[in-house]
Amino acid sequence: MSALEFEILAKSGKARTSILTLPHYKVTTPIFQPVGTCGSMKGLTSKQLKELDCQIILGNTYHLALHPGGEFFGKCGGLHEFMNWDRGLLTDSGGFQMVSLSKLAEVTEEGVNFVSPKDGSQMLLKPETSIKIQNQIGADIIMQLDDVVHVLTSGKRLEEAMYRSIRWLDRCIKAHSRKKEQNLFPIIQGGLNPELRKICLKEMIKRDCPGYAIGGLSGGESKDQFWKIVSLCTDYLPEDKPRYLMGVGFPVDLIVCSVLGVDMFDCVYPTRTSRFGTALVWEGTLKLKSEKYQFDFDPIEKDCDCLTCKTYTKSAIHTLVTKETVGCHLLTIHNIRFQMRLMQRFRESIKNNKMPEFVRGFMKAQFKKKGEKKITYPTWVIEALQSQQIELDYENDED
Amino acid sequence: MFSITHEEENTKARLGKLALPKSSITLKTPCFIGSTKRGFVRHLTPDNLINIPDLELLSINLPQIIYKPGLTILKRFNKHCQESSETKKSVEETKKEEKENSNKIFQEEKQEKEKEKEKEKKIEIEKEKEIEIENKIVTEKDNNKQNQIKDGLKRYYGIGSKHALLLKIRNSEFADFYYPSTDEKIACCASEGTKVFITPSQYMEFASEINPDITVSPAIEVVGNNKRDKIEKAIKRSMKWLNIAISKKTSRTGSLFAVIHAVEDPKIRNKYLDRLLTIVKNGKVDGFMFGCLFLNESRIERKKRIGQIIESIPNELPRGIVGDATLSQILDCVENGIDLINSSFPLRLTELNLVLNYQNPLQNLRSENKNKNENENKNENENENENENENIEIENENKNEFKKQFEPLLFNLRNGKYEDDNKPFVVGCQCFACKNHTRQYVYHLISVREMTAMILMNLHNLYQYSLFFKDMRWAIKNDKFIQFKEAIQLLEKSNTKK
């Protein structure tokens, strides 16, 4: 039973663009989902998010459970009403935060035993409690509680984690009480071991869930292994259901994984770098804190249609960034809009049957350097794109 | 530039209109000047700032922008703006030349004609400049031409066409004590933490690059109980700087406001006031700013000083005041004839997580007046009252319970009792924050220390503050200022009871 509809509009190799109809909104994929941890994007109001064309945003169950708490959402009617946001919402299970933010986290078959860094109090997070809180929050898509291990572990621990995640998935499905309104996604585990991944894929696909997430990546592994595991997962996952790759957000990674068949992404990267003064552009990144932008009177990107690029110059943002809160709001607006536009152009290129050219042009702009005749790409990008029959351009024709 | 439309019967308060032709705005005084940091109202991006209706004049303090952006960046930016508008013209001209015959004779003749035209244009531009400085009347045609923001700090910081700028140079009260200036140089504490010296002519150079609507002349505001010598020295220095500022005044620096030193000793005060008034008679000064106030003097003392000075200065020039003032202290100033008030009261409230609940204490009086107007059919008041009546009607429907008692003026949103409160900040408020969000949401954001809380509270507090000024203008118009003042004093007392 699922509460979503997934309709593929056009394909190009493994990449595809489609419409995902959720209970609150219709989303077009591939899509990037910005992260608003505690119920708001840092420094932006819900109205501004709509103008940036955000369709679905993330909330973290761990932070929301600490404050205001799951029962509160049960009373007040869910996170949509609380935030005054009428588009899509997605919540994660809270497992990742607990493991990454705590000093002592013991994982048993029952659940994750956790020592809070603030009080020192003990808390046990079981799959049932995680699903209960997510049911109260009321997002369109919810995630299972999985046994999260560091991506570079191997051997017995990894195998144990993978099998346990499957068992916990069954417990989550049983505890899920709002199957007609919320979609439960399982998370494929197995680290960097292809055999374990295949077993996990086989078992989780049997449960026939509305969509699937690929987890356990983006934590410090080499990119060569990373893209191969992603490609393996998208080979096995069913075509007519959405695929969500967790924690991936650099622009180059977004494009490569979309070529390999992923539909949904999320990351804190664009919002976090804006608070440190980095702007994302078609050619890479700009560190606007440096002095060389003092006299640069062009907008950050000439063809961008966000508020920042229409009214401000790089020099103006250089004087404001890290000194005024307004500076970080303006850069956040631009970075989020950049990610949205990137995905939008990718979608259109698939519809117009020009996806390889788009990818070629984007990679060239990202990796070319002045003064070099030939462009050097990282090997993983070359191999990943070659596996989908996309050849890159090596000639650096400078203007 | 400034015209008085109404003078209140029982006090010295007055309604006026201040024309700011550079931004094609006419301010209705008394009004408040929004304080900014580096040109931005704190926490608010331009698309949020438009939601506050009555905030039209913003003030910038020079020490905040003296390093970044600084004079060199602004100069280059203005050049860049000029060049980009000129290159468009030159491209068009070259295209025309290529299309036409490439005969040399024709080209030479055209070149001669163009040179003549350029000469004529230059003469015209010089004449226009002289006319601008001499005349103070600006026609409507000129307003339309100057409506587009071409260069200056407004374009650099995207301040927009709905806001005007006021430039001042003012350190905090005790900085003048620890960082003394000399006769030739003004000492500034830059917001990066260093001390900078700037001469008055450099200050006017800055002003011409920034292109504000109003510039306040540089002055030292002395702190309370200094010796007589020190006070006189400081005031003489400020006069010298005022003369330099007048000599460098151009259309790009905008109107010039002089600073009146309202010190304690009336002899010193009057001596220098006479000198100031002789300078003002030449017609170069367009208004006054009261200085040396809100520096720990008592309320009665402040009223006395303002009252005595107002008697001697000309009536037709606008007056402003700078300082951290509560609502009733502002009314003290307006009662004595002040028109512009620059205080950061709403911002202080948001930083302390306080929400302003200004409850239109004159509701009853206004509804009586509304009935009178309907009976008498006055056309003048109808247009204005229509917009204000919408606010009253909505607020009356929702607040019938509170007519007799006042709710507290300020409440602290950090209090745990707002966890379950799903009302907007103030029931009936039409600001962006109250229309879209609830108290419990902002309570949650404050506890988790999110930035969005500051944005929403600042929007609300500024909106409510502008309602206070609207009511003040209504009270002056209908000669009910004293009742308004009493109602505000009752409102402020309500906070201490509960």
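Residue numbers begin at 1 in each chain, while the letters A, B, ... track the order of the sequences. Values reported hereafter were calculated over all heavy atoms of this structure, with side chains retained and with hydrogens, waters and symmetry mates removed.
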**Report entry** Contacts of type side chain to side chain contact (heavy atoms under 4.5 Å, CB included), residue A:Lys75, not counting sequence neighbours
**Finding:**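 Applying side chain to side chain contact (heavy atoms under 4.5 Å, CB included) to A:Lys75 gives B:Asp420.
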
Query - From A:Asp298 atom CG to B:Ser84 atom OG, the distance as rounded to the nearest 0.5 Å - result: 10.0 Å

Query - Value rounded to 0.5 Å, distance of CG in B:Asp47 from NZ in A:Lys47 - result: 7.5 Å

Is chain A contacted by the side chain of [X], its backbone, both, or neither, given a heavy-atom distance below 4.5 Å?
X	answer
B:Ile65	neither
B:Arg38	side chain
B:Phe77	both

Could you pull out the closest heavy-atom pair between [X] and [Y], with the gap in Å?
X	Y	value
A:Gly43	B:Ile455	O-CD1, 3.3 Å
B:Tyr441	A:Ser40	OH-CB, 3.4 Å
B:Glu419	A:Phe72	O-CE1, 3.3 Å

Query raised in the report: Any luck finding a side-chain donor-acceptor pair between A:Thr325 and B:His43 under 3.5 Å?
Result: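 Result is yes, a qualifying pair exists.
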
Query - Distance-only polar pair, side chains of A:Thr319 and B:Tyr67, donor-acceptor under 3.5 Å - result: no

Does [X] [atom1] have over 12 foreign heavy atoms under 6.0 Å away?
X	atom1	result
B:Arg76	CZ	no
A:Gln294	CD	yes
A:Arg341	CZ	yes
A:Lys132	NZ	no
A:Glu51	CD	yes

Report task. Apply side-chain contact (heavy atoms from CB on, under 4.5 Å) to B:Met451 and A:Arg275, showing your working. Result -> CA-CA 12 Å; B:Met451 286 191 269; A:Arg275 295 199 289 280; 4.2 Å; yes

Requested in this report: Would you sort out whether A:His329 and B:Leu44 count as a side-chain contact (heavy atoms from CB on, under 4.5 Å), showing the intermediate values?
Outcome: CA-CA 9 Å; A:His329 299 333; B:Leu44 297 183; over 6 Å; no

**Report entry** Output field: ring centroids A:Phe295/B:His80 closer than 6.0 Å
**Finding:**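 So the answer is no for these two rings.
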
Query - Side-chain donor or acceptor of B:Tyr157 paired with backbone N/O of A:Ala316 under 3.5 Å - result: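 No, the answer is negative, given that no donor and acceptor are paired below the 3.5 Å cut-off.
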
Query - Donor-acceptor contact present, side-chain B:His444 to main-chain A:Cys38, <3.5 Å - result: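 Yes; judged by distance alone, with no hydrogens or angles, the pair exists.
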
Query raised in the report: So B:Thr452 and A:Leu44, side-chain contact (heavy atoms from CB on, under 4.5 Å) or not? Walk me through it.
Result: CA-CA 6 Å; B:Thr452 319; A:Leu44 300 180; over 6 Å; no

Pick whichever of [options] has the most heavy-atom pairs under 4.5 Å with chain A.
options	result
B:Ala453, B:Ser447, B:Pro69, B:Ala433	B:Ser447
B:Met454, B:Lys68, B:Arg155, B:His437	B:Lys68
B:Phe40, B:Tyr156, B:Phe432	B:Tyr156
B:Asn422, B:Thr72, B:Thr438, B:Asn436	B:Asn436

Query raised in the report: Does B:Thr45 reach the side chain of A:Gln48, with side-chain heavy atoms less than 4.5 Å apart?
Result: yes

Counting heavy-atom pairs under 4.5 Å to chain B, which of [options] comes out on top?
options	answer
A:Leu320, A:Thr313, A:Leu330	A:Leu320
A:Met83, A:His63, A:Met41	A:Met83
A:Thr311, A:Thr37, A:Asn84	A:Asn84

Requested in this report: Name, in order of residue number, those residues of residues 49-58 of chain B that have a heavy atom at a distance of less than 4.5 Å from a heavy atom in chain A; otherwise write 'none'.
Outcome: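 Listed by number, there are no contacting residues, so the answer is none.
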
